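Inspection log for the structure reproduced underneath, given as structure tokens.
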Number of protein chains: 2
Amino acid sequence: MGVRKKASTYSLNEQFITECDLTYAVNMLAGRWKLQLLARLSKKTYRFHELSEAYPHITERMLSMQLKALEQDGLVIRTVYAEVPPRVEYTLTERAVELMPILDRLSAWGKKQRGK
Amino acid sequence: MGVRKKASTYSLNEQFITECDLTYAVNMLAGRWKLQLLARLSKKTYRFHELSEAYPHITERMLSMQLKALEQDGLVIRTVYAEVPPRVEYTLTERAVELMPILDRLSAWGKKQRGK
DNA sequence: CGGCATCCAGGATGATACTG
DNA sequence: CAGTATCATCCTGGATGCCG
């Protein structure tokens with residue numbers, strides 16, 4: 001979504017919303033596929049290939065990149081098992097779990113608006 | 001950040017989060033300056049030039065574009081007064097006002113995460 | 001005053017092929 | 001299986017100048 005990674009580090013002294021924090025939050029959700037991935041991972045742990053099958057329209061490249069970004073933002077845990085063939089599993093972190101109810105409200109708001 | 005305008009119109013049957021609606025919501029917030037503008041407009045009505053002065057680093061072009069996008073998404077009302085010199089005022093719509101508490105929670109979440 | 005038109009740079013995403 | 005490398009494309013946003 002258009003939100004860029006560039007930090008909006010302007011100190012603007014807004015009271016109602018501290019858009020520094022808000023921008024920080026929206027930025028880490030703004031990747032092209034991150035919401036879908038978070039939504040799915042909120043239900044259970046997934047392997048890379050399972051996600052790839054679940055979203056066949058997402059290239060493996062983007063899947064890898066988005067998951068890595070989520071991992072770096074501390075929203076997803078990536079676990080590598082030293083096996084052959086390799087196995088990698090992705091799970092939500094606690095901070096991501098805390099985020100879910102908020103996203104749920106945002107989703108409800110979006111749903112309400114879309115109907116109009 | 002990168003959320004594109006392209007609609008993610010995949011019907012994915014997620015229960016916890018209907019990411020169609022969620023993507024819809026995040027997309028309309030993902031513009032480079034939209035959050036700042038919404039935050040400011042949540043306090044009072046502003047004229048174009050006032051906003052331009054409040055955010056001197058935002059080019060008038062972008063200010064115009066972001067406000068227009070917000071208007072098209074039904075978050076902002078643009079009122080033109082037939083005067084000379086022209087006067088244009090921007091206000092939040094009710095749906096934008098309903099959004100504010102949610103953004104506030106998201107902001108709080110972001111603040112909490114940033115500290116870590 | 002409140003924009004819009006044009007041009008442009010860089011980042012985000014896509015397509016395809018290849019590897020440990 | 002779980003990615004990475006490379007190249008191509010699209011889009012956002014910035015710079016500058018002009019207009020009703």
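Quick note: numbers below take in every heavy atom, side chains included, and nothing from hydrogens, waters or symmetry partners. To find a chain, count down the sequence lines: A is the first, B the second, and so on, and within it residues start at 1. Worth saying up front: this structure is predicted, and the values here are computed from it rather than measured.
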Roughly, in whole Å, what's the span from [atom1] in [X] to [atom2] in [N]?
X	N	atom1	atom2	result
A:M28	C:dA12	CE	P	15 Å
A:M62	D:dT4	CE	P	13 Å
A:Y46	D:dC1	OH	C1'	18 Å
A:Q36	C:dT13	CD	P	12 Å
A:Q66	C:dG14	CD	C1'	12 Å
A:H57	C:dA15	NE2	P	11 Å
B:R32	D:dG14	CZ	C1'	11 Å
A:K34	C:dA12	NZ	C1'	11 Å

Any side-chain donor near an acceptor of the partner, A:Y81 and A:E89, under 3.5 Å: yes

Divergence of helical axes at both termini of the helix from C:dC1-D:dG20 to C:dG20-D:dC1 - five pairs an end, 10° steps: 50°

Applying side-chain contact (heavy atoms from CB on, under 4.5 Å), name anything that partners [X], two or more places apart in sequence or on another chain.
X	answer
B:S64	B:F48
A:V84	none
B:V76	B:L38, B:L41, B:L70, B:Y90, B:L92

Under the salt bridge (charged side-chain N to carboxylate O under 4.0 Å, His left out) test, residues paired with B:E60 that sit two or more places apart: none

Salt bridge (charged side-chain N to carboxylate O under 4.0 Å, His left out) involving A:E83 - partner list, sequence neighbours excluded: A:R87

Distance-minimising heavy-atom pair for B:P101 and A:R105: CB-NH2, 4.4 Å

Please list each protein N or O that sits under 3.5 Å from an N or O in nucleotides 1-3 of chain C, with the distance.
residue : atom : partner : partner atom : Å
C:dC1   : O3'  : B:R47   : NH2          : 3.3
C:dC1   : O3'  : B:P86   : O            : 3.1
C:dG2   : OP1  : B:R47   : NE           : 3.1
C:dG2   : OP1  : B:R47   : NH2          : 3.0
C:dG2   : OP1  : B:V88   : N            : 3.4
C:dG2   : OP2  : B:H49   : N            : 2.9
C:dG3   : OP1  : B:R78   : NE           : 3.4
C:dG3   : OP1  : B:R78   : NH2          : 2.3
C:dG3   : OP2  : B:Y90   : OH           : 2.6
C:dG3   : N7   : B:E60   : OE1          : 3.1

Among residues at least two apart in sequence or on other chains, which ones pass side-chain hydrogen bond (donor to acceptor under 3.5 Å, both in side chains) with [X]?
X	result
B:Q113	A:R95
B:K112	A:E98
A:T45	A:T91
A:Y24	none

Could you list all N or O pairs between the protein and nucleotides 5-9 of chain C that sit under 3.5 Å apart?
residue : atom : partner : partner atom : Å
C:dT6   : O4   : B:R61   : NE           : 3.0

